[in-house]
Participant: 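Dumping the structure here so I can ask a few things about it.
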2 protein chains.
Amino acid sequence: MSQVAGRQQYAAHVALTLRQRNRLSAIHRIMDTAIDLFDQRGYSGVTIEEIAAASGVSPRTFYRYFGTKEGLFTADPYAAVGVDLYTDQLDLDDLPGSLRRVIALIGAPEGEDHTAWRGMRYVMEEPSVRAAVYASLDREADRLTALLRERGAGPAKARVTARAYWFGVYFGSLEQWHLDGRTRPVLDYVDEALTVLTGQA
Amino acid sequence: MSQVAGRQQYAAHVALTLRQRNRLSAIHRIMDTAIDLFDQRGYSGVTIEEIAAASGVSPRTFYRYFGTKEGLFTADPYAAVGVDLYTDQLDLDDLPGSLRRVIALIGAPEGEDHTAWRGMRYVMEEPSVRAAVYASLDREADRLTALLRERGAGPAKARVTARAYWFGVYFGSLEQWHLDGRTRPVLDYVDEALTVLTGQA
DNA sequence: CAGCAAACTGGCAGCAACTGTCAATAAGGC
DNA sequence: GCCTTATTGACAGTTGCTGCCAGTTTGCTG
């Protein structure tokens, strides 16, 4: 989820210490600054040193926050604060519904300039970023596989289902939506994709 | 296909020029040497400079052949010779059968030491290698999506199906097989995974 | 078989991503 | 207001990767 559009403003209702608030605002500032620069000069045309300088932070700190350059797109600011948006929405008996809720929660699809979706272009078009997002999907699929197994699903069923949902339906829907120019609502694409898997029209 | 175990001996029946033969043997030599070194000191414990030196090749040439360090695991030696093993096996009206043929063709699963499967460990366990393999799957899924669309499938159906097959069934099966210690035949896992998608027991 | 164009290789220089270390600084409990 | 502890910045160093050019090998052609 957050790996594709992980820069949100929800969940401000958690009590945060000053350090955490500073950290969080720095993270958001760096993310915005970075995408501004990318929009100007392209992803590979911007160095981390530049991003750090423009954000008023040392390069070393950038790495502490994001780990890698691609981490800008996969880091979930709220994970550091202990908020797990994904698990809250998960219902193992209703994966389609869970997926719809996660997508809906990420942000309103209308509005090309919605800050949450500005990074989508790079996720889809920049190979290294795309690869990093896939690694996130991989981890999520692993988590889901384990949960399904706890519920009694066989290894094959659990693994294939989890991967089909995350890589096929989730990412596939977002990609198709992006390729179509983001005109129709994302949820339409998700619904279409879900019927392919579940088989019912 | 080849991205997971792309170091085979099949297709020696193609007429090759001296340059191509030299290139091919160098590629195989480098791959073998590299995995030997990895087995000794771990993936990140070996530098490309060392691999090149041990293979009797300049580092620059390594990059010309493989592009990246992970390219060792995703490069298909036979693509350079114009052999497309995948397309030959593809039947759009029988994706399950196509997948079984591709897996069967990669190599006999028996024999832990079969040279084709030595790299599997790194594909599964080394994050950067895994990511590179995912990028390969991504490309294959794209190809398959386009082919399915040409056959009249809708965008959602084509995209979700292609991704579910490559990421879910193909990679999922190999992973499960690897996790289980490579005891039962791979094709058993593929069959199990296929029934999850197609729905029939 | 000689000669030539093309492909290939190696070495060098350089950039940028990333990491370990340690001193300096800021935050939060007492 | 102090003292512990987490967080940051600066520095130096390693490694993956690329552009460039000169030297060599290959394989076609007259």
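Below, read A as the first sequence line, B as the second, and so on, with proteins coming before strands; counting in each chain starts at 1.
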Participant: Going by side-chain hydrogen bond (donor to acceptor under 3.5 Å, both in side chains), name the residues that satisfy it together with Asp36(B), two or more places apart in sequence or in a different chain.
Facilitator: Arg118(B)
Participant: Side-chain donor-acceptor contacts of residues 153-162 of chain A below 3.5 Å, not counting sequence neighbours, with atom names and distances?
Facilitator:
unit_1    : atom_1 : unit_2    : atom_2 : d
Arg159(A) : NE     : Glu175(B) : OE1    : 2.9
Arg159(A) : NH1    : Gln176(B) : OE1    : 2.4
Thr161(A) : OG1    : Lys157(A) : O      : 2.5

Participant: Of all the choices, dC18(C), dT9(C), dG16(D), which nucleotide is nearest to the side chain of Arg23(B) once you look at every atom?
Facilitator: dT9(C)
Participant: With heavy atoms under 4.0 Å as the rule, sort Tyr65(B) into base, sugar-phosphate or nothing.
Facilitator: sugar-phosphate
Participant: By salt bridge (charged side-chain N to carboxylate O under 4.0 Å, His left out), which residues pair with Asp93(A), not counting sequence neighbours?
Facilitator: Arg151(A)
Participant: Among the nucleotides dT18(D), dC18(C), dT8(D), which one has an atom lying closest to any side-chain atom of Tyr63(A)?
Facilitator: dC18(C)
Participant: Donor-acceptor check, side chain of Ser55(B) to backbone of Arg29(B), threshold 3.5 angstrom: yes or no?
Facilitator: no
Participant: Between protein and nucleotides 25-27 of chain C, what N or O pairs are separated by less than 3.5 Å?
Facilitator:
unit_1  : atom_1 : unit_2   : atom_2 : d
dA27(C) : O4'    : Arg19(A) : NH2    : 3.2
dA27(C) : N3     : Arg19(A) : NH2    : 3.4

Participant: Where along residues 41-56 of chain B does a heavy atom come under 4.0 Å from DNA chain C, residue by residue in number order?
Facilitator: none
Participant: Sequence neighbours excluded, which residues qualify as side-chain hydrogen bond (donor to acceptor under 3.5 Å, both in side chains) partners of Ser25(B)?
Facilitator: none
Participant: Tell me whether Arg184(A) forms a cation-pi arrangement with Tyr189(A), defined as NZ or CZ under 6.0 Å from the six-membered ring centre and within 45 degrees of its axis.
Facilitator: yes
Participant: Tell me every residue that passes side-chain hydrogen bond (donor to acceptor under 3.5 Å, both in side chains) with Arg41(A), counting only those two or more places apart in sequence or in another chain.
Facilitator: Glu50(A)
Participant: Give me each pair satisfying ring pair (Phe, Tyr, Trp, His ring centres under 6.0 Å) with a member in residues 135-159 of chain A, each pair once, sequence neighbours excluded.
Facilitator: none
Participant: Measure from CG on Leu72(B) to P on dG16(D) and round the result to the nearest Å.
Facilitator: 11 Å
Participant: Mind checking side-chain hydrogen bond (donor to acceptor under 3.5 Å, both in side chains) for Glu126(B) and listing every partner two or more places apart, or none if nothing turns up?
Facilitator: none
Participant: Checking Glu49(B) now: which residues fulfil salt bridge (charged side-chain N to carboxylate O under 4.0 Å, His left out) with it, not counting sequence neighbours?
Facilitator: none
Participant: Between protein and nucleic acid, restricted to nucleotides 10-14 of chain D and to nitrogen or oxygen atoms under 3.5 Å apart, what atom pairs and distances do you find?
Facilitator:
none

Participant: Thr61(A) side chain: which of dT19(C), dT8(D), dC8(C) is closest?
Facilitator: dT8(D)
Participant: Please give, in whole Å, the distance from dT9(C) P to Arg29(B) CZ?
Facilitator: 11 Å
Participant: Tell me: CZ of Phe62(B) to P of dC8(C), nearest whole Å?
Facilitator: 18 Å
Participant: Given atom NZ of Lys69(B) and atom P of dT18(D), what is their separation to the nearest angstrom?
Facilitator: 15 Å
Participant: Sequence neighbours left out, what passes salt bridge (charged side-chain N to carboxylate O under 4.0 Å, His left out) with Asp142(A)? Give chain and number order.
Facilitator: none
